[in-house]
**Q** 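Here you go, one structure.
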Amino acid sequence: MAQVSTSQALLEKIVSLAKRRGFIFQSSEIYGGLNGCWDYGPLGVELLRNLKEAWWRAMTKRGDVEGLDAAILMHPRVWEASGHVQNFSDPMVDCRACKSRYRVDHLFNEMSEKRLRAISKAANIESAISRTLVMQSRDLSKDELGEMITAMVEKNGTLFADLVKQELIPCPNCGRAGTLTEPRNFNLMFETYIGPVKEAANAVYLRPETAQGIFVNFLNVMQASRQKIPFGICQIGKSFRNEINTKNFLFRTREFEQMEMQFFCKRGTDEPLFEAWRETRWNWWRNLGMPESKLRFKPHEKLAHYAKAAGDIEFLFPFGYGEIEGIHNRTDFDLSRHQEFSGKSLQVHDEETKEKYTPYVVETAAGASRGFMAFLCNGYDEETVEGEQRVVLRLHPFLAPIKAAVLPLVNKDGMPELAQQLERDLRTSMKSFYDDSGAIGRRYRRMDEVGTPFAVTIDSDTLQDQTVTIRERDSMQQVRLPIGQVKEYITEKIAPPV
RNA sequence: GCGGGAGUAACUCAGUUGGUAGAGUCACAGCCUUCCAAGCUGUUGGUCGCGGGUUCGAGUCCCGUCUCCCGCUCCA
């Protein structure tokens, strides 16, 4: 329990710092906030952009991954093909007595055959079932019976309530009958309308993932870029999910940003490629400063309908482990479905066998917003220096919003002027910050708190011999070097990780 | 959606049995200051989340609502 409250306090400190120093603000705060939406402030947007830039470089510098930026709005049929229309809207019911919540299909899946038979009788759906029996000329299994009832319930709005009233569907948790509410639909996709007229025929969705924009452009990109299988397409962009519950600051939000890459390959090469990408992505997080001790790879036990293998890279947040990137072997599911729904071929020609085939896909789907929060949590540190507490954000220099602070040791003897001149010069190639307010120690600490890796100080020696000190954030160690070498020195240290 | 906790200055929080709001930090201006949150002076900033109600009078009591955190549920 002590651990829980400590970690909660930690998250609160991070949220507080994020707001005070301009990383994250709550959306529409002056109107009371908007649930599950957050705004990136001046420093936040720098960190986020640096994170996305690190990812983009890592992907596109390979030569076998092309970039893409697809529209957020897509043809509604895309989401039928992807399975989101069906799978993203689950009817759910609550137990009024014990407050448990269930998905309707789960309810019937886990019910005894005897009870399922009783329900099918009571609900007068035997005729429908017998029609199916005649059509297929065989008995329905228990699972099929459950699916049949689920389908009937979804079609007939009052059927479920009737069954509950007849005490045929008890709550699996508390066992009481007649306590379940009517099914309510939870559609996790945001809906909007194309054109000014709000009618069902014009409905489109805000994408719940960026991946589909890649799949539908697969042939366009391959032909335009003259890539050959195997190759990948990567994309960074906002996605939207109408989550029932938002949670944990930036971790579960309704609007979030993804960094996704789909790697198209031939069937049979998918498994080693899955392993290779898993390692590549793991190393990417490590190279940006994530310690091994706070990362883990967790294979999925239950696979989604599209996946052959799947797992998450998880980061140890203050509230526990949470996914920051999913790596999936999506097989040829998505391309096959889009071929089926669009009627257009998405096959490629195999030079060797002279056959056409639908490529397999290995997906890496990282959360930009989640990664942002992970780096914030990982970097946050408190330590005691000579009896005083120091808060320091240990961000990788490439991620740090501000790269260098330039400080006159005191505000006289021309130090401010020299410092301003240096800062103006640095500013042309990196985000820098000039500060002459307060004592030098206070200014160092201010910069520590937002993760600025270098602080350049102009002192009286500078006036004599044109040298300055550069203080490194984590060690607080200083080196002295000629003012003319500062830019080169820092530029080298803030280079992107390999 | 249910249960619990919380919303007062940019941040962290006081605010008595109801009498129209304070502290520290931060920020800003100035003084001071020659390397790790020193000190002094001054200043900005709040219709107490929002909306009703009770009352002569509500930060305080009542109702509703929004947001955040925790748990349950959910998370193709």
Side-chain angles (χ1 to χ4, degrees), chain A residues 1 4-5 7-9 11-13 15-22 25-38 41 79 82-90 92-103 106 173 181 184 186-189 208-209 211 241-249 251-252 300 302-307 310 318-320 322-323 326 328 330 333 385-392 407-413 415 436-449 455-463 468-469 471 473 476-478 480:
Chain A
M1 275 299 116
V4 170
S5 63
S7 61
Q8 197 176 328
L11 187 60
E12 278 166 17
K13 279 183 189 171
V15 172
S16 168
L17 171 68
K19 180 178 180 191
R20 187 164 42 83
R21 298 307 307 269
F25 307 124
Q26 194 185 4
S27 168
S28 317
E29 190 187 20
I30 62 171
Y31 287 98
L34 184 65
N35 184 288
C37 296
W38 302 88
W79 307 110
S82 70
H84 285 85
V85 169
Q86 195 184 1
N87 293 311
F88 249 40
S89 64
D90 301 314
M92 315 243 279
V93 295
D94 296 305
C95 173
R96 292 193 184 91
C98 71
K99 309 298 180 195
S100 302
R101 168 173 290 175
Y102 310 96
R103 268 169 60 172
H106 288 178
N173 181 44
T181 62
R184 274 173 293 199
F186 289 78
N187 192 337
L188 296 191
M189 280 197 291
E209 64 176 22
R241 294 185 188 183
N242 211 347
E243 299 285 354
I244 297 168
N245 274 337
T246 57
K247 215 173 154 83
N248 291 327
F249 195 33
F251 187 75
R252 173 154 299 136
H300 285 193
K302 263 176 67 180
L303 293 177
H305 59 276
Y306 56 75
F319 55 82
E323 177 195 351
H328 298 175
R330 296 185 76 128
F333 175 84
V385 178
E386 291 169 19
E388 296 282 352
Q389 196 192 46
R390 179 171 90 118
V391 173
V392 53
L407 321 168
L409 186 59
V410 288
N411 287 321
K412 58 183 182 189
D413 301 339
M415 291 182 203
D436 63 9
S437 164
I440 190 72
R442 173 176 294 277
R443 285 177 272 161
Y444 284 145
R445 299 299 170 83
R446 272 203 286 255
M447 284 294 114
D448 290 340
E449 196 177 48
V456 184
T457 303
I458 308 295
D459 58 18
S460 52
D461 287 357
T462 314
L463 307 173
V468 297
T469 59
R471 177 241 194 209
R473 175 195 67 203
M476 297 185 285
Q477 297 293 307
Q478 291 180 316
R480 181 171 281 279

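The basis for the numbers below is simple: all heavy atoms, side chains too, and nothing from hydrogens, waters or symmetry mates. Quick note on labels: first sequence line is chain A, next is B, and so on, each numbered from 1.
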**Q** For A/K19 and for A/L409, locate the closest nucleotide of RNA chain B by heavy-atom distance; then report the residue assigned to the nucleotide nearer the 5' terminus.
**A**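 Going by which nucleotide is closer to the 5' end, it is A/K19.
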**Q** Rounded to the nearest Å, what distance is computed from the CD atom of residue A/E323 to the P atom of nucleotide B/C74?
**A**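 These atoms are roughly 17 Å apart.
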**Q** To the nearest 0.5 Å, what is the distance between CD on A/Q478 and CE on A/M476?
**A**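 Separation between the atoms: 10.5 Å.
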**Q** Would you indicate what A/D461 reaches in the nucleic acid, counting non-hydrogen atoms under 4.0 angstrom: base, sugar-phosphate, or nothing?
**A**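 The answer is nothing, as A/D461 stays clear of every strand by at least 4.0 Å.
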**Q** Please determine, for the side chain of A/M415, which listed nucleotide (B/U67, B/U34, B/A38) has the closest atom?
**A**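 Selected nucleotide (nearest to the side chain): B/U34.
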**Q** Nearest to the side chain of A/W38, heavy atoms from C-beta on, is which of B/C69, B/C35, B/A38?
**A**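 The answer is B/C69, which lies nearest to the side chain.
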**Q** Does a side-chain N or O from A/R390 land closer than 4.0 Å to OP1 or OP2 of B/A37, or not?
**A**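 Negative; the distance criterion is not met.
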**Q** Would you name the heavy atoms of A/A455 and A/L407 that are closest together and state the gap between them?
**A**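 Between these two residues, the closest heavy atoms are CB-CD1, 4.2 Å.
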**Q** So what does A/G36 hit on the nucleic acid, given a heavy-atom distance under 4.0 Å: a base, only sugar-phosphate, or nothing?
**A**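 Sugar-phosphate: the residue A/G36, judged by heavy atoms under 4.0 Å, touches backbone atoms but no base.
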**Q** Check whether any side-chain N or O of A/R446 sits under 4.0 Å from OP1 or OP2 of B/A27, and answer yes or no.
**A**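 Looking at the OP1 and OP2 atoms of B/A27, one of them is under 4.0 Å from a side-chain N or O of A/R446.
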**Q** Restricting to non-hydrogen atoms, name the atom on A/S28 and the atom on A/L34 that form the minimum distance, rounded to 0.1 Å.
**A**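 Closest heavy-atom pair between A/S28 and A/L34: OG-CB, 4.3 Å.
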**Q** Applying the Watson-Crick and G-U wobble criteria at under 3.5 Å, what pairs with B/A21? Answer none if nothing qualifies.
**A**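 The base-pairing partner of B/A21, which may sit in any strand shown, does not exist here.
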**Q** Using only modelled atom types and a 3.5 angstrom limit, is any donor from either the side chain of A/R471 or the base of B/C35 paired with an acceptor on the other?
**A**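 Looking at the base of B/C35, it does not pair with any donor or acceptor on the side chain of A/R471 (distance under 3.5 Å).
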**Q** Just do the side chain to side chain contact (heavy atoms under 4.5 Å, CB included) check on A/V392 and A/R473 with the steps written out, would you?
**A** CA-CA 8 Å; A/V392 53; A/R473 175 195 67 203; 3.7 Å; yes
**Q** When the P atoms of B/A58 and B/G49 are compared, how many Å lie between them, rounded to an integer?
**A**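 Pairwise P distance, B/G49 against B/A58, rounds to 15 Å.
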**Q** Roughly how far apart, to the nearest Å, are B/U8 and B/U47 at atom P?
**A**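 Pairwise P distance, B/U8 against B/U47, rounds to 13 Å.
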**Q** Students often get this wrong, so: under 4.0 angstrom with heavy atoms, is A/N35 touching a base, only sugar-phosphate, or nothing?
**A**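 Sugar-phosphate contact only - A/N35 comes under 4.0 Å of backbone atoms but never of a base.
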**Q** When the C1' atoms of B/C63 and B/C56 are compared, how many Å lie between them, rounded to an integer?
**A**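 B/C56 and B/C63 have their C1' atoms separated by 22 Å.
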**Q** Of all the choices, B/A76, B/A37, B/C11, which nucleotide is nearest to the side chain of A/V391 once you look at every atom?
**A**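 Nearest nucleotide to the side chain: B/A37.
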**Q** Looking at B/U54, which nucleotide sits across from it as a Watson-Crick or G-U wobble partner, both distances under 3.5 angstrom, or is there none?
**A**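 Result: none.
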**Q** Between B/G7 and B/C62, how many Å separate the two P atoms, rounded to a whole number?
**A**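 After rounding to an integer number of Å, I get 14 Å for this pair.
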**Q** Output the single nucleotide from B/C68, B/C69, B/A37 whose closest atom is nearest the side chain of A/L11.
**A**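 Comparing B/C68, B/C69, B/A37 against the side chain of A/L11, the answer is B/C69.
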**Q** Looking at the base of B/A76, is there any donor atom on it, or on the side chain of A/E209, that sits under 3.5 Å from an acceptor on the other one?
**A**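 In this structure, the two groups form a donor-acceptor pair.
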**Q** So A/S16, base contact, sugar-phosphate only, or nothing? Heavy-atom distance under 4.0 Å.
**A**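 Here A/S16 touches the backbone only, sparing every base.
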**Q** Taking CG from A/N242 and C1' from B/A76, how many angstroms apart are they, rounded to a whole number?
**A**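 Rounded to the whole Å, the gap is 15 Å.
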**Q** Give a yes/no answer on whether the side chain of A/N248 brings an N or O atom under 4.0 Å of OP1 or OP2 in B/C69.
**A**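 Checking A/N248 against B/C69: no side-chain N or O falls below 4.0 Å of OP1 or OP2.
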**Q** For a quick check of understanding: with a heavy-atom distance under 4.0 Å over all strands, which category does A/Q26 fall into, base, sugar-phosphate or nothing?
**A**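 Here A/Q26 touches the backbone only, sparing every base.
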**Q** Consider the side chain of A/A439, meaning its heavy atoms from C-beta on, and name the nucleotide among B/A37, B/A76, B/A38 that approaches it most closely.
**A**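 Among the listed nucleotides, the one closest to the side chain of A/A439 is B/A38.
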**Q** If you check every side-chain atom of A/R480, which of B/U34, B/C35, B/C68 has the closest atom?
**A**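 The nucleotide sitting nearest to the side chain is B/C35.
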**Q** Given that both distances must come in under 3.5 Å, which nucleotide forms a Watson-Crick or G-U wobble pair with B/G71?
**A**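 The base-pairing partner of B/G71, which may sit in any strand shown, is B/C2.
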**Q** With no hydrogens and no angle check, is any side-chain donor or acceptor of A/R442 less than 3.5 Å from a backbone partner on A/S437?
**A**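 No; zero donor-acceptor contacts below 3.5 Å.
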**Q** What is the separation between atom CZ on A/R20 and atom P on B/C26, rounded to the nearest whole Å?
**A**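 Roughly 9 Å, once rounded to whole Å.
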**Q** How many whole angstroms separate atom CG of A/D436 from atom P of B/C28?
**A**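 One finds 10 Å between P of B/C28 and CG of A/D436, rounded.
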**Q** In whole angstrom, give me the gap between the P atoms of B/A38 and B/C26.
**A**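 These two P atoms come out 8 Å apart once rounded.
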**Q** Tell me which nucleotide, if any, is Watson-Crick or G-U wobble paired with B/U33 when both distances must be under 3.5 Å.
**A**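 Pairing partner: none.
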**Q** Identify the heavy atoms of A/D448 and A/R471 that sit nearest to each other, and give their distance.
**A**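 Minimum heavy-atom separation between A/D448 and A/R471: OD1-NH1, 2.7 Å.
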**Q** Within this structure, what is the CZ-to-P distance between A/R445 and B/C26, rounded to whole angstrom?
**A**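 In whole Å, B/C26 P lies 13 Å from A/R445 CZ.
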**Q** Considering all heavy atoms of both residues, which atom of A/N411 and which atom of A/D436 are nearest to each other, and what is their separation?
**A**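 Minimum heavy-atom separation between A/N411 and A/D436: ND2-O, 2.9 Å.
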**Q** Does the side chain of A/K247 get closer than 4.0 angstrom to OP1 or OP2 of B/G71 through an N or O atom?
**A**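 For B/G71, OP1 or OP2 has a side-chain N or O of A/K247 closer than 4.0 Å.
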**Q** Nearest 0.5 Å, please: how far is CG in A/D413 from OG in A/S460?
**A**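 It is 8.0 Å, given to the nearest 0.5 Å.
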**Q** Tell me which of A/F249 and A/E29 sits closer to the 5' end of RNA chain B, going by the nucleotide each one is nearest to.
**A**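 Closer to the 5' end of RNA chain B: A/E29.
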**Q** Kindly say if A/R21 contacts the phosphate of B/C26, meaning a side-chain N or O under 4.0 Å from OP1 or OP2.
**A**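 Answer no for this pair, as no side-chain N or O of A/R21 is under 4.0 Å from OP1 or OP2.
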**Q** In the strands shown, is B/G7 matched to any nucleotide by a Watson-Crick or G-U wobble pair with both distances under 3.5 Å, and which?
**A**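 Here B/G7 is engaged in a pair, and the nucleotide opposite it is B/C66.
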**Q** What distance separates A/T469 OG1 from A/Q477 CD, expressed to the nearest 0.5 Å?
**A**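 Atom-to-atom, A/T469:OG1 and A/Q477:CD are 12.0 Å apart.
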**Q** Where the side chain of A/Y444 is defined as all heavy atoms beyond and including C-beta, which of B/U34, B/U67, B/C36 is the nearest nucleotide?
**A**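 Nearest nucleotide to the side chain: B/C36.
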**Q** Mark yes or no for a side-chain to base donor-acceptor pair under 3.5 Å between A/T469 and B/C35, with no hydrogen or angle criteria applied.
**A**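 Result: at least one qualifying N/O pair found.
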**Q** Looking at B/C28, which nucleotide sits across from it as a Watson-Crick or G-U wobble partner, both distances under 3.5 angstrom, or is there none?
**A**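 Looking at the geometry, B/C28 pairs with B/G42.
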**Q** Expressed in angstrom and rounded to an integer, what is the separation of A/Y31 atom OH from B/U65 atom C1'?
**A**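 Nearest whole value for this atom pair: 17 Å.
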**Q** Rounding to a whole Å, what distance do you find between A/R442:CZ and B/C35:C1'?
**A**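 Whole-Å distance recorded here is 15 Å.
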**Q** Using the P atom on both, measure B/C66 against B/U55 and round to a whole Å.
**A**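 Going atom to atom, P in each nucleotide, I get 28 Å.
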**Q** Taking CZ from A/R443 and P from B/A27, how many angstroms apart are they, rounded to a whole number?
**A**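 In whole Å, B/A27 P and A/R443 CZ are 12 Å from each other.
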**Q** For atom C1', what is the distance between B/C70 and B/U34, given to the nearest Å?
**A**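 Taking atom C1' in both B/C70 and B/U34, they lie 50 Å apart.
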**Q** On a whole-Å scale, what distance lies between the P atoms belonging to B/C36 and B/C31?
**A**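 Straight-line distance between the two P atoms is 23 Å.
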